[in-house]
Amino acid sequence: MKIIKVKDSDELAEKAMKIVVNMMLKIEKPVIGLATGSTPEKLYANLVERVQKGDISFKHTTTFNLDEYVGLSPDDPTSYHYYMEKHLFSGIDIKKGNAHVLNGLAEDLEEECERFEQLIEDAGKLHMQILGLGLNGHIGFNEPGTPFDSRTHLVDLDAMTIKANSRFFNSIDEVPKKALTMGIGTIMDAERILFLVQGEKKADILRKVVYGEVTEEVPASILQHHPNVTLITDIDI
Ligand code: F6R
């Protein structure tokens with residue numbers, strides 16, 4: 001794992017943006033896996049700026065989001081559809097049909113997961129997956145105990161995740177209890193992983209992820225086995 005230590009969230013977003021831009025300039029039809037949450041917000045703002053300056057274009061880019069809550073409509077401000085529209089898609093020139101976010105309102109959620117996996121397969125492969133880290137070590141919504149070979153699936157959110165994400169809702173009771181997420185196997189198939197972790201409160205879990213035992217109890221620890229991970233963090237580890 002390559003580790004880039006930065007001083008703050010601005011430097012993290014700047015360095016991450018440059019890595020994404022370089023990849024996009026090298027690959028004719030980039031396929032990118034995207035994350036939501038607080039961590040990538042500034043990265044997305046930087047990418048929007050580069051598109052608006054004309055430095056890059058998403059016209060030939062396909063994206064796949066890691067996860068979505070079950071039961072929220074795309075126009076619900078707490079859904080990940082809404083987040084992506086607000087922070088990235090509305091500011092870039094991506095073709096509507098090329099920005100894939102799991103449908104948490106699908107009648108048949110298992111079928112939705114299979115459809116999503118198939119779309120990724122049809123796209124070839126993810127050239128880059130952007131990842132954040134949950135306080136419990138999750139990546140996507142793969143909570144502790146998720147098999148390392150899992151594919152896109154329906155999950156029950158962990159109590160720690162529900163509590164951590166309640167900051168985006170009016171009350172903790174409004175946080176959905178279920179979500180759809182790319183599996184750990186799906187994430188590990190990405191050619192390159194850009195792993196962004198910020199904030200002292202993640203120091204202990206990040207040390208376990210990077211230096212601890214590789215165990216399904218710490219989902220992100222599997223990244224130790226991925227051949228091309230770049231971690232950008234403001235944490236001294
Ligand atoms: C979001 C996702 C999650 C977050 C993680 C960290 O799509 O998959 O794994 O990356 O929960 O979230 P923040 O950045 O809000 O601390």
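All ligand and atom numbering here is 1-based and tracks the order in the structure. Quantities reported herein were computed from a predicted structural model and do not represent experimental measurements.
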Trainee: Who are the residue neighbours of ligand 1 when the rule is a heavy atom under 4.0 Å from any of its atoms?
Mentor: A35, T36, G37, S38, T39, L66, D67, G132, L133, G134, H138, G140, R167, K202

Trainee: Using the ring centroid of each side chain, check whether Y82 and F168 are separated by less than 6.0 Å.
Mentor: no

Trainee: Keeping to residues at least two apart or across chains, list the salt bridge (charged side-chain N to carboxylate O under 4.0 Å, His left out) pairs with something in residues 157-181.
Mentor: D156-K178

Trainee: Please list, chain by chain and in numerical order, all residues satisfying side chain to side chain contact (heavy atoms under 4.5 Å, CB included) with N98, sequence neighbours excluded.
Mentor: T62, I94, K95

Trainee: Might you point out which heavy atoms bring S79 and P74 nearest each other, and give the distance in Å?
Mentor: OG-O, 3.4 Å

Trainee: Run the side-chain donor-acceptor check on residues 229-237: report pairs under 3.5 Å with partners two or more places apart or on a different chain.
Mentor:
| residue | atom | partner | partner atom | Å |
| --- | --- | --- | --- | --- |
| T230 | OG1 | R192 | NH2 | 3.1 |
| T233 | OG1 | V197 | O | 2.7 |
| T233 | OG1 | I235 | N | 3.1 |
| D234 | OD1 | G199 | N | 3.0 |

Trainee: Looking at K125 and D189, does any basic side-chain N land under 4.0 Å from a carboxylate oxygen?
Mentor: no

